[in-house]
Amino acid sequence: MARAMALLWVCTLILVTTGVVADNIGVNWGVMSSHPLHPSIVVRLLKDNGMKKVKLFDADPWVVGYLAGTGIEVMLGIPNDQLKTMANDHGAAKDWVKENLTRHLHDGGVNIKYVAVGNEPFLSSYKGSFTKYTFPALKNVQKALNDAGIGDKIKATVPLNADVYESGSNKPSDGAFRSDIKDPMTQIVHFYKEQGCPFVVNIYPFLSLYQNTNFPQDFAFFNGGHPLNDENVQYDNVFDANYDTLVWALKKAGVPDLKIIVGEVGWPTDGNKFGTKDNAKKFYDGLFKKLASNKGTPLRPGKMEVYVFSLFDEDMKSVDPGNFERHWGIFTFDGKPKFPMDFSGNGNDKPLVSAKGVQYLPKQWCVYNKDAMNQQALPSQMNWACSHADCTCLPEGSSCYTGDNNLKTSYAFNSYYQTNDQDVEACNFEGLGKIVNEDPSKGTCQFPIQIESAGERPSLAYGAIAALVSLVSLFTMV
C-alpha cells in the first residue's frame with residue numbers, strides 16, 4: 001500500500017511540474033535575440049512544460065534537429081526574402097522541401113505538420129513588395145510537398161496579419177478582404193480549399209488598445225465588457241469580433257467552412273503603459289479559459305487552435321511598431337517564466353518550468369559613473385548605447401521609466417555592456433562607465449546579466465508584426 005501511495009505521489013508530482021498544455025495550443029519560437037538559448041535547452045523547456053506544438057520562422061536544421069524524437073508538432077517557416085525564388089522556380093521549392101523537410105521525416109524524426117510560406121507578406125507597410133510572389137510561392141511549395149508524396153499529411157499555408165481583411169463599420173458582418181489584395185486573397189483561399197490547407201491568421205487585441213486611446217480597455221480582454229452588437233450577434237471582446245470578421249470575409253469569398261488557425265496571439269509585458277505583466281496575465285487567463293470551454297466564437301463555435309506569441313523576449317526585433325515588440329515572451333530572454341500560468345484554462349495557476357542548463361556571464365554590471373570627468377559627453381554616449389543595444393524598458397510607461405536619470409543612464413550602459421559579452425571596452429563610454437559587482441537593479445527596473453551565446457546573432461528581421469508601422473486599425477473604434 002505504501003509503495004502504491006508513493007508511486008501515485010510521484011506521478012502526481014510529474015504532472016504538476018511538467019504542466020498540461022491542451023493539444024490545441026502551441027507556441028511561437030523566435031530567435032531574433034543577440035544571445036539565443038541553445039536549441040537543446042529550449043526543446044527541454046518545451047517538454048518540461050508539456051508544450052505539444054511549436055511554430056518556427058525558418059527551417060534552420062540546427063534548431064529543427066533538436067525536435068527529433070520529441071513528438072512535438074512543428075510548423076516550419078520560409079522567410080519572406082525567399083518568396084520570389086520559390087515563386088519563380090518550382091525546382092527551388094522542391095529543393096527546399098528536400099533539404100529542409102523530408103530529411104527530418106524518418107523513424108524518430110521531426111513531426112512536421114505545416115510549412116509557413118512567408119510571414120505576413122501582405123502587411124500594408126510592405127507596400128506590395130511580396131504581393132505578386134506570395135500565391136505562386138504557396139502553390140509551388142504545396143506542389144513540391146505533393147510531389148514528394150507527403151502533401152496529404154503536410155500542408156503549406158501563408159501566415160497573415162489581420163490587416164488582410166477590414167470592416168468599414170467595425171462590425172464583423174461588414175468584413176471583407178482588403179481591396180488592394182482581394183484578387184490574390186481570393187485565389188489563395190480557394191487554393192486552400194482545394195488542397196485542404198488551413199488559413200493562418202495573427203490576431204493582436206493589444207494593438208487595438210495601443211493604437212487608439214479611445215478604445216474600450218475591457219474589450220481588449222475577455223471580461224465581458226462593452227458589448228458590440230452585430231445583426232443580433234453580441235461580442236464582448238475584440239478577439240472574437242476580429243476572428244468573425246475573417247469568417248465573414250471567407251464567406252464572401254466563397255469558402256465559408258475553411259479551417260482557421262490563429263498563428264499568433266499574445267500580450268507584451270513591457271515597452272508600453274498597456275504592456276505589463278499584470279495585463280498579460282489577465283489576457284492569457286481569459287484566453288485559456290475561453291479555449292478550454294471549446295465555445296469558439298459566435299460564428300465558429302467549437303474548438304479553436306492557437307499559437308501563443310511568443311516563447312521568449314527578443315532584443316533584436318524591430319521597434320518600428322513600438323518598444324513593446326521586444327517583450328512578447330511568456331519567458332524572459334534567458335528562459336525564466338514571467339508569471340504563473342494555467343494553459344488548461346481551469347484557473348490552477350502555477351509557475352512554468354524555467355530553462356535548465358543556462359550558462360551566465362559573471363555577475364557584474366556596467367553603470368554610470370557620476371563622478372567621472374567629461375560629463376558633457378553623457379548625451380552622446382547614452383544615445384550610442386541605446387542605438388546599439390536594447391533600451392526599450394526606459395520610455396514612459398515602461399519598467400525602467402523613472403525620474404532617476406542616473407539609473408536610466410546606467411541601464412543603457414549595462415544593456416550595451418551585456419550585449420557585447422561584458423567586454424571591458426564596452427563599459428568605457430569615454431570614461432563615464434564603470435564595472436561594479438553589486439546588482440544596480442531597483443524596483444521594477446531589473447538589470448540583466450547576459451547568457452553565454454548559443455550561436456551567431458541573427459541578421460534577418462522577421463516577427464509577429466515586424467515593420468508593422470501602418471497596420472490597419474481594425475476595431476480601433478467600437
Side-chain angles (χ1 to χ4, degrees), residues 28-34 55 57 77 79-81 116 118-130 158-166 178 181 200-215 217 220 238-239 242 262-277 279-280 283 307-330 333 386-401 415 458-477:
N28 284 269
W29 173 6
V31 293
M32 288 300 297
S33 302
S34 60
K55 177 169 166 278
F57 293 91
N80 288 339
D81 62 359
N119 185 57
E120 300 184 332
F122 293 152
L123 278 176
S124 299
S125 57
Y126 288 154
K127 302 184 185 304
S129 299
F130 305 108
V158 181
L160 296 166
N161 191 274
D163 80 337
V164 298
Y165 47 90
E166 56 192 0
R178 221 171 63 215
I181 54 171
V200 177
V201 62
N202 302 336
I203 300 176
Y204 285 96
F206 168 81
L207 291 180
S208 297
L209 192 59
Y210 169 73
Q211 292 177 324
N212 187 349
T213 56
N214 295 319
F215 189 88
Q217 188 166 342
V238 72
F239 177 86
N242 196 313
V262 179
E264 297 177 15
V265 61
W267 199 279
T269 59
D270 210 338
N272 176 261
K273 65 179 181 180
F274 296 119
T276 66
K277 291 180 181 179
N279 278 345
F283 179 79
Y307 288 80
V308 168
F309 191 88
S310 181
L311 200 55
F312 305 111
D313 287 346
E314 300 171 72
D315 65 348
M316 291 192 71
K317 290 191 67 181
S318 168
V319 294
D320 285 345
N323 291 318
F324 55 84
E325 268 296 277
R326 295 177 176 177
H327 303 281
W328 290 99
I330 57 176
F333 74 98
C386 288
S387 63
H388 292 84
D390 182 28
C391 291
T392 54
C393 294
L394 296 180
E396 184 174 1
S398 304
S399 60
C400 289
Y401 180 70
S415 181
S459 58
L460 297 176
Y462 75 89
I465 43 177
L468 191 51
V469 181
S470 60
L471 174 70
V472 172
S473 54
L474 185 64
F475 296 110
T476 56
M477 292 292 290

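Position 1 is the first residue of the sequence; numbering continues from there. Just so we're clear, the structure is a prediction, and the values are computed from it rather than from any experiment. All heavy atoms count here, side chains included; hydrogens, waters and symmetry mates do not.
Atoms CG and NZ, on Leu209 and Lys273 in that order, are 8.5 Å from each other to the nearest 0.5 Å. Here the CG-CD distance, from Asp315 to Glu325, works out to 13.0 Å after rounding to the nearest 0.5 Å. From Ile330, atom CD1 reaches atom CG of Leu311 across 5.5 Å, with rounding to the nearest 0.5 Å. One finds the CZ atom of Arg326 at 10.0 Å from the NZ atom of Lys317 (value rounded to the nearest 0.5 Å).
Between Asn242 and the options Ile203, Val265, Val201, a side chain to side chain contact (heavy atoms under 4.5 Å, CB included) holds for only Ile203. When the options Trp267, Tyr210, Phe309 are evaluated for a side chain to side chain contact (heavy atoms under 4.5 Å, CB included) with Tyr204, the one that passes is Phe309.
Tyr307 and Lys55 make their closest contact through CD2-CB, 3.7 Å (heavy atoms, listed as atom of the first residue, atom of the second, distance). Closest approach of Phe283 to Pro205, counting heavy atoms only: CE1-CG, 3.7 Å. Asp390 and Ser415 make their closest contact through O-OG, 2.8 Å (heavy atoms, listed as atom of the first residue, atom of the second, distance). When all heavy atoms are compared, the tightest approach of Ser310 to Gly30 is OG-N, 4.2 Å. Across every non-hydrogen atom of Gly275 and Phe206, the tightest pair is N-CE1, 3.9 Å. Taking both residues in full, the closest heavy atoms of Thr269 and Gly329 are given as CG2-O, 4.4 Å, listed atom of the first, atom of the second, then distance.
For the pair Trp328/Asn28, no side-chain contact is recorded, criterion being any heavy-atom separation below 4.5 Å from C-beta on. With a 4.5 Å cut-off on side-chain heavy atoms, Phe215 and Val238 count as touching. No side-chain heavy atom of Ser399 sits less than 4.5 Å from a side-chain heavy atom of Leu394.
Residues satisfying the side chain to side chain contact (heavy atoms under 4.5 Å, CB included) criterion with Asp313, sequence neighbours excluded, are His327, Lys338.
In terms of modelled atom types and a separation under 3.5 Å, the side chain of Asp163 and the main chain of Ser124 share a donor-acceptor contact. Looking at Asn272, its side chain never comes within 3.5 Å of a backbone N or O of Phe324 through a donor-acceptor pair. In terms of modelled atom types and a separation under 3.5 Å, the side chain of Asn279 and the main chain of Phe274 share a donor-acceptor contact. Checked by atom type and distance alone, the side chain of Asn161 never pairs as donor or acceptor with a backbone atom of Leu123 at under 3.5 Å. Formation of a donor-acceptor pair under 3.5 Å by the Asn80 side chain with backbone atoms of Asn119 is found in this model. Counting only distance, with no hydrogens or angles, the side chain of Glu314 and the backbone of Val31 share a donor-acceptor pair below 3.5 Å.
Cys pair Cys386 and Cys391 passes the test of SG atoms under 2.5 Å apart.
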